Every structure is written in C-alpha cells, then in structure tokens.
Amino acid sequence: MPDLPNRQIVLRRRPTGLVQPDDTELISTQAPAPAPGEALLRTTYVGIDAAARTWLDDQPGYLPPVRLGEVIRAAGIGEVVETRCDAYAVGDVVTTLTGFQEYVIIRDDVFSTPIPGESDQLAIMSVYGPTGATAYFGMTDIGRPKPGETVVVSAAAGATGSVAGQIAKIAGARVVGIAGGPQKCRAVVEDFGFDACIDYQSEDLAAALKAHCPQRVDVYFDNVGGPILDAVLGRLAHKARVVLCGVISSYLTGEHPGPANYVNLMSKSALMQGFNTLEQWGRFDEAFAHLRQWEAEGRLKHRQTIFDGIESCVEALNGLFTGANIGKTLVRLSEPALA
C-alpha cells in the first residue's frame, strides 16, 4: 500500500478548564504499517465523549492519562484498509480507540469491536457502540426500571442519557429528563420521547422534581454529579436505584463535592452504584441485539451533532462543556465507503 499521510492531534500541555489552542498540536506523520496480528484502520468518525477530557489530566483512572506528546485518546469508528490479523478483513467496520488521528493500528483485543451487518456508522456510534452499550448496561443491570416506575436521567439530551431514557421508556417506566436550555428540553421530549424534561438552567430543580415526580424517583441515571445529583438524591423513593455513569459537571475542575443528600440512601434503603462498560465487553453482542431490535421497531431514536475535519476535534470536545451538543457528538474525518 502506498504511503498514507496521517494527521494527528497530540497533547502538548495539560489543560486547565477548557482545552486551549496551545494545549494541543496538529501534526502530520505517515500512517503505520501493520505488523503480524495487526490491521490498519482509516478513521471515519471520532466520537467525542466527556471521558476524553479526563484523560488529559494527570490523574489515574480506569485508563492511564494521555502522556505529553501522545495522540489524544478518543473512541471512534473506521474501516480496515490493510490487515495482517485474522480477526479483520479489508472493509470491516470496527469501533476502537481511534484517538484524534486519521489512521490507527488495531488488534484483536478488548478495545476493538467489529460491527458486522451494519452500514450506518452514525447509528453505530450513537447506539451500537460504547455509547449505546453504556446506556444499556447502566440502565438494565443497575437501574432495572419496571412498568409504572419513575426514572430521571440527567444530561438527557446527550448521547448516553438520551439512549438510557429511551431504554427506560421501553421498559414501561415514566421518564423525566434533566437538560440545559429550551432547545435541549424540546429534543428530549419531541425527539427522544421522554414524558417531561426539566430545564435546570431556568427552573428550581427541587421544586420541578417534586412536580414531575410526585411519587418520588425510583431510578436515577446520573451523568453529571454535583448539585443535580444531590437534588435527585433528595427525592428518592423507597428501594430506589441510582446509576453513576458520569460527572460532567466537574470534569473541568477536577473537584467532586460529595452530595449531602446521600443519607437518603440509608433512610430509603436505596442503592447507588457506578460501573465500567469495558468490564462487560463479553456481553456487547447482547446489548447490540436488543438495541438493534428496538431501533427496528421504531422505539429507539438517535441524533448527532457533527463537526467536520480533524481540526474540529478540540472545538467539539469543548462543546460538550459549553452546551453545544444534542445527541452524540462526532467529528467526521473521512467519508464511509458505504455512506
């Protein structure tokens, strides 16, 4: 295969708050040649998730921090263009940790998942990839909504929250979203089918929760932490389940104040549990089968906010924290072959 230019965005300085221009650098290298057991993937879309911002801090987590000079880590999708690995054929569509780069080496490991029989890469990234799996495992394994229960989802207009809330609706629950601004709240109700949505930017959250959840909250799917988590903890029902999925409210500051209303977990005999989707890698086929069926039945919708070009990656990442996205945020690096 002829030499392929590979543009990458690397980390030059650890950011404070939003990522600034001098924190990263766009460089051009040569796409690597796959060794035995490897394949070369051409990135089509990079997914922009809040976790990508946490990897830029020098703090340990379920994955190590991105080192200075390394390509910024992110989950994405692409198509195999060269292979020396039995697990992949040329043309295969694979989700993996592409990072902010146009080509990446993949292997047959926990980080790379081929998606056979599905050509809609927007759907894969929004529903059939790690985003959908996160919503599925968090809601079905921990939330376990039942018909007639009340479920609250924060960051409800975002990629994971919008899918998690729809899964709760499919289970027969009444679902109330929390989002920022009238445009997002409209999308939560009109596009994603929630029963109601609270605008935390303009409403008294405690009062709105009381009005929309008169029987209290049986399941809370938390993507934000901070004061919103505390407010919902104050409205829990007996035997409630709280799913800890993200803390986007404090990713920029690194400060995670503890909720005062955690005492309700005791008085209401409630459960609060976090989870790591990668630990369920062996069950991804189960998740995708259910998600595909629900979408085919018209019960699961998805939206995207799409940026174009690798130059847009940092802007797209910052947009998660400035309210620029509805649904899954993606950066298109190249056109899918089967688009």
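By convention here, the first residue in the shown sequence is residue 1. Just so it is clear, the structure is predicted and the values come from calculations on it, not from any experiment.
- Inter-residue side-chain proximity for Gln293 and Glu297 is flagged as met; some heavy-atom pair is nearer than 4.5 Å.
- With values rounded to the nearest 0.5 angstrom, Gln30 atom CD is found 3.5 Å from Asp3 atom CG.
- Of all heavy-atom pairs between Cys245 and Thr134, the closest is SG-CG2, 3.5 Å.
- A 6.0 Å sphere centred on NZ of Lys146 holds more than 12 heavy atoms belonging to other residues, nucleotides or ligands.
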Tell me, with the steps shown, if Gln121 and Glu79 meet side chain to side chain donor-acceptor pair (under 3.5 Å).
CA-CA 10 Å; Gln121 294 190 18; Glu79 298 169 356; 2.9 Å; yes
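- In terms of modelled atom types and a separation under 3.5 Å, the side chain of Asp108 and the main chain of Ala87 share no donor-acceptor contact.
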Going through the checks in order, is the side-chain contact (heavy atoms from CB on, under 4.5 Å) test met by Asp230 and Tyr262?
CA-CA 7 Å; Asp230 203 29; Tyr262 77 92; over 6 Å; no
Give the C-alpha distance, both sets of side-chain angles, the deciding distance and a yes or no for salt bridge (Lys or Arg N to Asp or Glu O under 4.0 Å) between Asp57 and Arg53.
CA-CA 7 Å; Asp57 297 326; Arg53 174 60 185 82; 2.8 Å; yes
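- Under the 3.5 Å distance criterion, the side-chain polar atoms of Ser126 are left unmatched by any main-chain donor or acceptor of His302.
- No side-chain heavy atom of Ile326 sits less than 4.5 Å from a side-chain heavy atom of Val188.
- Formation of a donor-acceptor pair under 3.5 Å by the Arg144 side chain with backbone atoms of Ile142 is found in this model.
- Here the closest non-hydrogen pair linking Asn264 and Arg235 is ND2-N, 4.3 Å.
- Residues satisfying the ring-ring contact (aromatic ring centres under 6.0 Å, His included) criterion with Tyr136, sequence neighbours excluded, are His290.
- Among all heavy-atom pairs drawn from Pro145 and Ala168, the shortest one is CG-CA, 4.0 Å.
- Tyr103 and Val90 fall into different hydrophobic clusters, where Ile, Leu, Val, Met, Phe, Trp and Tyr side chains are chained together by heavy-atom contacts under 4.5 Å.
- Counting heavy atoms from C-beta on, the side chains of Lys268 and Arg216 come closer than 4.5 Å.
- Here the rule is side chain to side chain contact (heavy atoms under 4.5 Å, CB included) with Arg241, and of Glu149, Met272, Gln273 only Glu149 fits it.
- Here the closest heavy-atom approach between residue Lys184 and residue Asn325 is recorded as CE-O, 2.9 Å.
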Candidate pair Ile115 and Thr113, rule side-chain contact (heavy atoms from CB on, under 4.5 Å), full reasoning
CA-CA 6 Å; Ile115 311 290; Thr113 305; 4.1 Å; yes
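- Between the CG atom of Leu209 and the CD atom of Glu203 there is a distance of 9.5 Å, given to the nearest 0.5 Å.
- Cluster partners of Val94, using a side-chain heavy-atom cutoff of under 4.5 Å among ILVMFWY residues and allowing indirect links, are Leu41, Val80, Tyr88, Val104, Ile106.
- Rounding to the nearest 0.5 angstrom, the gap separating the OG1 atom in Thr140 from the CD1 atom in Ile167 is 6.5 Å.
- Using a 4.5 Å heavy-atom cutoff, the side chains of Val224 and Leu229 are not in contact.
- In this structure, Leu56 and Val19 have side chains that are in contact, with non-hydrogen atoms separated by less than 4.5 Å.
- At least one donor-acceptor pair closer than 3.5 Å links the side chain of Trp281 to the backbone N or O of Val110.
- For Gln101 (side chain) and Thr98 (main-chain N/O), a donor-acceptor pair under 3.5 Å exists by modelled atom type.
- Using a 4.5 Å heavy-atom cutoff, the side chains of Ser162 and Phe192 are in contact.
- Without hydrogens or angle criteria, Asn6 side chain to Thr29 main chain gives no donor-acceptor distance under 3.5 Å.
- Every salt bridge (charged side-chain N to carboxylate O under 4.0 Å, His left out) that Arg292 has, sequence neighbours left out, goes to Glu118.
- A search for salt bridge (charged side-chain N to carboxylate O under 4.0 Å, His left out) contacts involving Asp195 returns Lys169, not counting sequence neighbours.
- At distances below 3.5 Å, at least one donor-acceptor pair connects side-chain atoms of Gln20 with backbone N or O atoms of Leu18.
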Apply side-chain contact (heavy atoms from CB on, under 4.5 Å) to the pair Ile198 and Val176, showing each step before the final yes or no.
CA-CA 7 Å; Ile198 298 168; Val176 177; 4.0 Å; yes
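- Among all heavy-atom pairs drawn from Gly309 and Val331, the shortest one is O-CG1, 3.2 Å.
- Side chain of Thr329 to backbone of Thr305: no donor-acceptor contact under 3.5 angstrom is found.
- Other residues, nucleotides and ligands contribute more than 12 heavy atoms inside 6.0 Å of the CD atom of Glu25.
- You'll find the side chain of Ile306 reaches within 4.5 Å of the side chain of Leu122, heavy atoms only.
- Under the 4.5 Å side-chain contact rule for hydrophobic residues, Phe321 and Val66 share a cluster.
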Check the pair Ile310 / Val46 against side-chain contact (heavy atoms from CB on, under 4.5 Å), numbers first and verdict last.
CA-CA 9 Å; Ile310 193 169; Val46 173; over 6 Å; no
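- At a threshold of 4.0 Å, the pair Lys328-Asp49 counts as salt-bridged, since one of the basic side-chain nitrogens sits closer than that to a carboxylate oxygen.
- Separation of atoms CG (Leu330) and CD1 (Ile77) is listed at 9.0 Å; rounding is to 0.5 Å.
- For Phe275, the CZ atom counts as densely surrounded, since its 6.0 Å shell holds more than 12 non-hydrogen atoms of other residues, nucleotides or ligands.
- At least one donor-acceptor pair under 3.5 Å links the side chain of Thr96 to the backbone N or O of Phe111.
- When each of Arg14, Arg13, Arg12 is paired with Asp23, the salt bridge (charged side-chain N to carboxylate O under 4.0 Å, His left out) condition holds for Arg13 and for no other.
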Just list the side-chain donor-acceptor pairs under 3.5 Å for residues 150-158, sequence neighbours left out, or say none.
residue, atom, partner, partner atom, Å
Ser154, OG, Tyr220, OH, 3.0
Ser154, OG, Asp222, OD1, 3.4
Ser154, OG, Asn223, N, 2.9

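- No salt bridge links Arg84 with Glu38; every basic N to acidic carboxylate O contact stays at or beyond 4.0 Å.
- Counting Ile, Leu, Val, Met, Phe, Trp and Tyr side chains that sit under 4.5 Å apart, directly or through other members, Ile27 shares a hydrophobic cluster with Val10, Val71.
- Going from atom OH of Tyr200 over to atom CD1 of Ile228 covers 6.0 Å, rounded to the nearest 0.5 Å.
- In this structure, Ile178 is not a member of the same hydrophobic cluster as Val189, with clusters built from ILVMFWY side-chain heavy atoms closer than 4.5 Å.
- Within the model, atoms CZ of Arg186 and CG of Asp191 stand 10.0 Å from one another, a figure rounded to the nearest 0.5 Å.
- A salt bridge links Glu311 with Arg7; the closest basic N to acidic carboxylate O contact falls under 4.0 Å.
- For the pair Ser334 and Thr43, the tightest heavy-atom approach, listed with the atom from each and the gap, is OG-O, 2.7 Å.
- Ile48 places a side-chain heavy atom less than 4.5 Å from the side chain of Leu320.
- Using modelled atom types, no side-chain atom of Glu315 and backbone atom of Ser312 make a donor-acceptor pair closer than 3.5 Å.
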